[in-house]
2 protein chains.
Amino acid sequence: MRGIRQLAKHLDISIGTVSRALNGRPDVNEETRKRVLAAAEELGYVANQSGRSLRQGTTNVIGLMIESSKETVENSDNFFLGVTGGLQSVLSRHKLDLLMLPCPNDEDPYEYLKRMVARRIVDAMIISATQRVDKRIDLLVKAKIPFVALGRSTSGGNHTWIDLDFEGVAACAVDRLVSKGHRRIAVAAPSNDINLGYIFVDAYRQSLERHGIAYDPSLVIRVKSSEQGGYQAGHEMLRLDRKPTAIILIYELMAIGLYRRLNEAGIVPGRDLAVIGFREEPRGKFLQPSLTCFRMSLRDLGVELAETLLATMPAYAEHYPKGARNTIWPLELAPGESDAFSLKA
Amino acid sequence: MRGIRQLAKHLDISIGTVSRALNGRPDVNEETRKRVLAAAEELGYVANQSGRSLRQGTTNVIGLMIESSKETVENSDNFFLGVTGGLQSVLSRHKLDLLMLPCPNDEDPYEYLKRMVARRIVDAMIISATQRVDKRIDLLVKAKIPFVALGRSTSGGNHTWIDLDFEGVAACAVDRLVSKGHRRIAVAAPSNDINLGYIFVDAYRQSLERHGIAYDPSLVIRVKSSEQGGYQAGHEMLRLDRKPTAIILIYELMAIGLYRRLNEAGIVPGRDLAVIGFREEPRGKFLQPSLTCFRMSLRDLGVELAETLLATMPAYAEHYPKGARNTIWPLELAPGESDAFSLKA
DNA sequence: CTGCCATACTAAAACGTTTCCGGAAAGCGC
DNA sequence: GCGCTTTCCGGAAACGTTTTAGTATGGCAG
């Protein structure tokens with residue numbers, strides 16, 4: 001006999017009253033509640049989560065699914081840890097705990113999520129790295145698990161998502177380069193099926209056409225989202241017949257490899273070629289010359305994610321009247337020296 | 001009525017038998033088991049974790065506590081994601097799931113852990129970033145929760161830990177520098193209370209003395225474990241009356257700031273000053289000149305952590321006969337150009 | 001005094017699972 | 001036919017909690 005029962009016996013009170021006192025129910029004498037809380041503190045009682053979950057059908061846990069594939073490990077750096085800070089700050093206000101669920105890299109993310117959902121270990125989910133077609137979304141919709149996807153997807157009807165403002169970034173980067181006289185602008189896009197690649201390239205294309213520049217598919221270089229990918233992108237770019245005068249990198253990490261390849265070819269970024277990176281990493285700062293890129297607050301993104309998620313959960317929605325809206329997350333231009341190269345006098 | 005009861009009714013069999021069939025108990029007819037498994041697959045039945053945990057007193061979940069403080073976010077980069085891969089590969093063999101528990105940065109890690117332990121949400125824990133004196137360890141020992149600490153600590157008697165081979169790294173770095181004629185070797189150590197700082201500096205001191213070089217406290221520069229800290233370290237170093245000819249950095253990230261400060265002073269690493277970094281980050285590669293540092297496999301470390309943890313858990317110990325040993329994790333020297341500066345002819 | 005309501009509590013059911021205990025049926029040696 | 005073991009299964013208790021329904025008490029209006 002342990003747990004609440006022991007506490008009740010110690011107070012010579014029924015367990016029902018103890019439970020109600022601890023959970024802030026109204027029908028309990030205020031003095032009794034004081035005694036119960038004091039005794040709980042003294043004996044170090046904390047409700048067993050399994051018992052409570054079983055009874056309530058709720059776990060007070062929010063899952064954040066991340067993929068720990070080799071590629072993710074090498075690229076995402078502190079992204080999730082950063083977002084986590086913002087998530088926590090909101091969730092903890094509601095006594096919700098955050099659970100990071102790293103999908104093993106030898107397991108299908110869909111199967112992993114399915115198992116986690118079936119076990120009823122979380123009340124709601126945040127999924128990341130959404131694919132263009134993502135079965136996980138259909139699964140969550142069908143299982144009626146509240147969730148928010150970090151990244152748009154065409155799956156699952158109108159689910160809730162938050163995504164970075166690829167259109168804005170692409171437009172800003174293209175505008176900036178065109179204003180410096182560039183007309184042959186390459187883009188290094190990820191070669192996997194992640195949705196942002198498609199969205200970004202579409203936006204890039206539209207921005208070009210807005211300036212009356214024809215879209216040239218040979219300027220879209222598909223490589224891995226890594227340092228090696230950046231090197232590869234540089235390599236491919238140098239082999240083109242009509243070389244671009246500017247390049248946009250979707251993952252900033254690519255800049256490292258690109259710089260190396262350019263260095264081998266005696267090309268100096270910012271002097272002979274304009275380079276713009278996408279998401280700023282703190283690590284990118286010390287490239288020479290410094291990289292022009294786009295900046296965002298990971299923490300604020302985490303807050304937005306948490307608030308959007310809570311708005312989709314019936315038990316918490318009342319506190320978030322703005323509702324479960326889809327959000328395009330803006331990024332701010334952080335000018336550096338790498339795009340100083342201008343074709344204008 | 002849902003769950004196993006429904007499954008039992010569908011099969012026209014008692015729930016006890018269904019449970020035993022699913023859990024691989026011996027006393028169930030092989031043909032019956034087949035039927036049960038088939039039906040479970042068909043109906044998509046997965047045992048409710050709360051019910052099962054409540055009954056068994058076990059959750060099949062291993063917690064990995066990480067801190068999401070601002071400093072950690074900026075420094076740990078992909079460390080945990082990398083380790084996670086190795087952890088998963090071992091844990092999944094035992095049908096154990098990994099749960100990352102990020103401690104909110106406005107909450108005391110001790111209180112956070114205490115709550116998680118009391119809720120009985122994990123069967124065992126891995127804690128990281130251990131302090132020299134770490135109350136969390138006492139807590140886990142007292143609560144009899146199996147755990148492994150990533151990092152030595154003086155708390156909690158003889159608990160199980162794994163730590164990086166600071167002594168080996170310090171000795172190797174000092175030996176290497178001394179062999180090139182250096183005798184004034186600085187070290188940039190973290191200013192917080194994390195244990196590795198003390199251990200590393202101790203080992204550095206002993207290595208110096210082994211070479212008959214007197215330990216000079218002014219050469220131990222305590223700074224933040226960040227890029228800024230590296231800049232600061234460079235700054236402090238340049239203000240010394242008798243300047244060092246070599247410097248060892250405990251966090252590689254410091255190298256970035258250090259390089260910048262050196263650059264401002266017109267000092268070229270590898271030509272005018274020997275620099276050695278500690279733990280290799282993939283990002284460190286593209287410093288110019290390339291950084292001499294120490295390398296390790298994050299994945300292998302994860303495997304070691306998982307195996308050590310399982311050895312401390314009675315239910316799994318039999319598979320890990322080596323037992324719960326303390327491990328000093330070796331790192332391998334990755335030579336670069338930054339320590340080419342030699343005082344010998 | 002009766003009826004009624006509000007307050008504060010108790011008792012018991014329920015959540016979904018695992019596991020203990022007992023027992024039926026079948027096989028086998030005598 | 002009897003006693004024994006083995007194999008397989010059903011019934012029921014137990015895990016710790018929340019919540020529903022019910023009850024005693026006292027105050028108060030009529």
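FYI, side chains are in, hydrogens and waters are out, and symmetry mates aren't considered; it's all heavy atoms of this structure. Throughout, protein chains are lettered first and strands after them, A, B, ... in sequence-line order, and every chain is numbered starting at 1.
- Between Asn23(A) and dT18(D), a side-chain N or O to OP1/OP2 separation shorter than 4.0 Å is present.
- Arg55(A) contributes no side-chain N or O that forms a donor-acceptor pair with the base of dT17(D) under 3.5 Å.
- Nearest to the side-chain atoms of Ser19(A) among the listed nucleotides dT19(D), dT17(C), dG10(D) stands dT19(D).
- The shortest distance between side-chain heavy atoms of Ile121(B) and Thr59(B) does not fall below 4.5 Å.
- Going from atom CG of Asp27(B) over to atom P of dA25(C) covers 18 Å, rounded to whole Å.
- Using the six-membered ring where Trp is involved, His159(A) and Phe147(A) have ring planes that are parallel, under 30° apart on the 30 and 60° scheme.
- Look at Arg25(B) and you'll find a side-chain N or O under 4.0 angstrom from OP1 or OP2 of dT19(C).
- Dashed line: the shortest gap from a side-chain N or O of Thr17(B) to OP1 or OP2 of dC9(D) is not under 4.0 Å.
- At least one side-chain nitrogen or oxygen of Thr32(A) sits closer than 4.0 Å to the OP1 or OP2 atom of dC9(C).
- Residue Ser50(A) has no polar side-chain atom (N or O) positioned under 4.0 Å from OP1 or OP2 of dG16(D).
- Each of Gly51(B) and Ser14(A) lies near DNA chain C, and the nucleotide nearest Ser14(A) is the one positioned closer to the 5' end.
- For the pair Asn29(B) CG and dA25(C) C1', the interatomic distance rounds to 13 Å; values are reported in whole Å.
- Surrounding CG of Asn158(B) are at most 12 heavy atoms belonging to other residues, nucleotides or ligands under 6.0 Å away.
- Annotation: of the two residues near DNA chain D, Ala47(A) and Val28(B), the 5′-most nearest-nucleotide partner is Val28(B).
- In this structure, CG of Asn60(B) is placed 19 Å from P of dG16(C), rounded to the nearest angstrom.
- If you check the side chains of Arg119(A) and Asn60(B), you find no donor sitting under 3.5 Å from an acceptor.
- Atom CZ in Arg52(A) sits about 19 Å away from atom P in dC15(C), given to the nearest Å.
- Remark: P of dG16(C) and CZ of Arg20(B) are 21 Å apart, rounded to the nearest angstrom.
- In this entry the distance linking CG of Leu54(A) with C1' of dT19(D) reads 13 Å, nearest Å.
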Pair Ser53(A)-Ser50(A), side-chain hydrogen bond (donor to acceptor under 3.5 Å, both in side chains): steps then yes or no: CA-CA 5 Å; Ser53(A) 294; Ser50(A) 302; over 6 Å; no
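- Taking atom CD of Gln56(A) as the reference point, atom C1' of dT20(D) lies 14 Å away to the nearest angstrom.
- A straight line from CD1 of Ile4(A) to C1' of dT10(C) spans 14 Å, rounded to a whole angstrom.
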